[in-house]
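Structure record follows, encoded as structure tokens.
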Amino acid sequence: QVQLVESGGGLVQAGGSLRLSCEVSGTTFSRLNMGWFRQDPGKEREFVSAISRVGLNAYYADSVKGRFTIARDNVNNEVYLQMNNLKPDDTAVYYCAAGDNQDVRRWNGYDYWGQGAQVTVSS
């Protein structure tokens, strides 16, 4: 059974930082691309960031570029999203995702999903 367990969400004031973690078990982590998506009520699921299998390539949505950093640890089977200079419009439920998909920016190419972590940024 493949499981993705997220942690690190919370409430933070604008300008603050949070670090999301996603621990993967039940599969060979290093064969999977890893991505982060977010969704706020009434909005479509939005691509945030992704990282390739061995961490050679990283991808970011324009809205978070320069503020967020993605990383993976293939020894401990974890992927991280460091979020700095958070803004109120970053408020959403953040989901980590895993898959062997070709296009890491598309949500429907991923096979496994975390349970979601609420991130709330206040003014």
Determine whether V48 and M83 fall in the same hydrophobic cluster, where Ile, Leu, Val, Met, Phe, Trp and Tyr are linked whenever their side-chain heavy atoms lie under 4.5 Å apart.
-> yes
Do Q118 and T91 come close enough that some side-chain heavy atom pair is under 4.5 Å?
-> yes
Report yes if the side chains of S49 and L81 come closer than 4.5 Å at any heavy-atom pair, otherwise no.
-> yes
Given Q13 and V121, is the side-chain contact (heavy atoms from CB on, under 4.5 Å) satisfied, shown in steps?
-> CA-CA 5 Å; Q13 292 184 333; V121 184; over 6 Å; no
Would a distance-only check, ignoring hydrogens and angles, find a side-chain to backbone donor-acceptor pair under 3.5 Å from D90 to K87?
-> yes
ILVMFWY network linking I70 to V93, side-chain heavy atoms under 4.5 angstrom | no
Step by step, would you call K65 with D62 a salt bridge (Lys or Arg N to Asp or Glu O under 4.0 Å)?
-> CA-CA 5 Å; K65 194 173 299 181; D62 289 341; 3.4 Å; yes
State whether the number of non-hydrogen atoms from other residues, nucleotides or ligands found under 6.0 Å of R31 atom CZ is greater than 12.
-> yes
Please work out whether the ring planes of Y110 and F37 are parallel, tilted or perpendicular, with thresholds of 30° and 60°.
-> perpendicular
Rounded to the nearest 0.5 Å, how far does CD of E78 lie from OG of S7?
-> 7.5 Å
Same cluster (ILVMFWY, side-chain, under 4.5 Å), Y60 and M34 = yes
For salt bridge (Lys or Arg N to Asp or Glu O under 4.0 Å), just list the numbers for D100 and R53, CA-CA rounded to whole Å, side-chain angles, deciding distance to a tenth of an Å, and then say yes or no.
-> CA-CA 9 Å; D100 61 355; R53 293 171 177 83; 5.5 Å; no
Shortest non-hydrogen contact from Y59 to V104?
-> CD1-CG2, 3.6 Å
S52 side-chain N/O to N57 backbone N/O, donor-acceptor pair under 3.5 Å = yes
Write down the atom of L86, the atom of R67, and the distance for their closest heavy-atom approach.
-> CA-NH1, 3.9 Å
State plainly whether one hydrophobic cluster holds both V24 and W113, where clusters connect Ile, Leu, Val, Met, Phe, Trp and Tyr through side-chain heavy atoms under 4.5 angstrom apart.
-> no
State, without any angle test, whether S25 and E23 hold a side-chain donor-acceptor pair at a distance under 3.5 Å.
-> no
Just checking, R19 and Y80: is the charged tip under 6.0 Å from the six-membered ring centre and within 45° of the axis?
-> yes
Once you round to the nearest 0.5 Å, how far does CG of D111 lie from CG of L32?
-> 7.5 Å
Does R45 make a cation-pi contact with W36 (under 6.0 Å, within 45 degrees of the axis)?
-> no
Are a donor atom and an acceptor atom from the side chains of S30 and N74 found within less than 3.5 Å of each other?
-> no
Closest non-hydrogen atoms of R38 and A92, given as atom of the first, atom of the second and distance, are CB-CB, 3.7 Å
Applying the 4.5 Å side-chain criterion to the ILVMFWY set and letting contacts propagate, would L18 and F68 be lumped into a single cluster?
-> yes
Nearest non-hydrogen partners of Q82 and S17, listed with the distance = NE2-CB, 4.0 Å
Could you state the interatomic distance from CG (D40) to CG (D89), rounded to the nearest 0.5 Å?
-> 9.5 Å
Donor-acceptor pair, side chain of N77 and main chain of F29, under 3.5 angstrom = no
Looking only at heavy atoms, the pair that brings V2 and G26 closest together is CG2-O, 3.7 Å
Measure the spacing between SG of C96 and CG of L20 and express it to the nearest 0.5 Å.
-> 9.0 Å
Just by distance, do the side chain of N101 and the backbone of D103 share a donor-acceptor pair under 3.5 Å?
-> yes
Donor-acceptor under 3.5 Å (Q115 side chain, E6 main chain) | yes
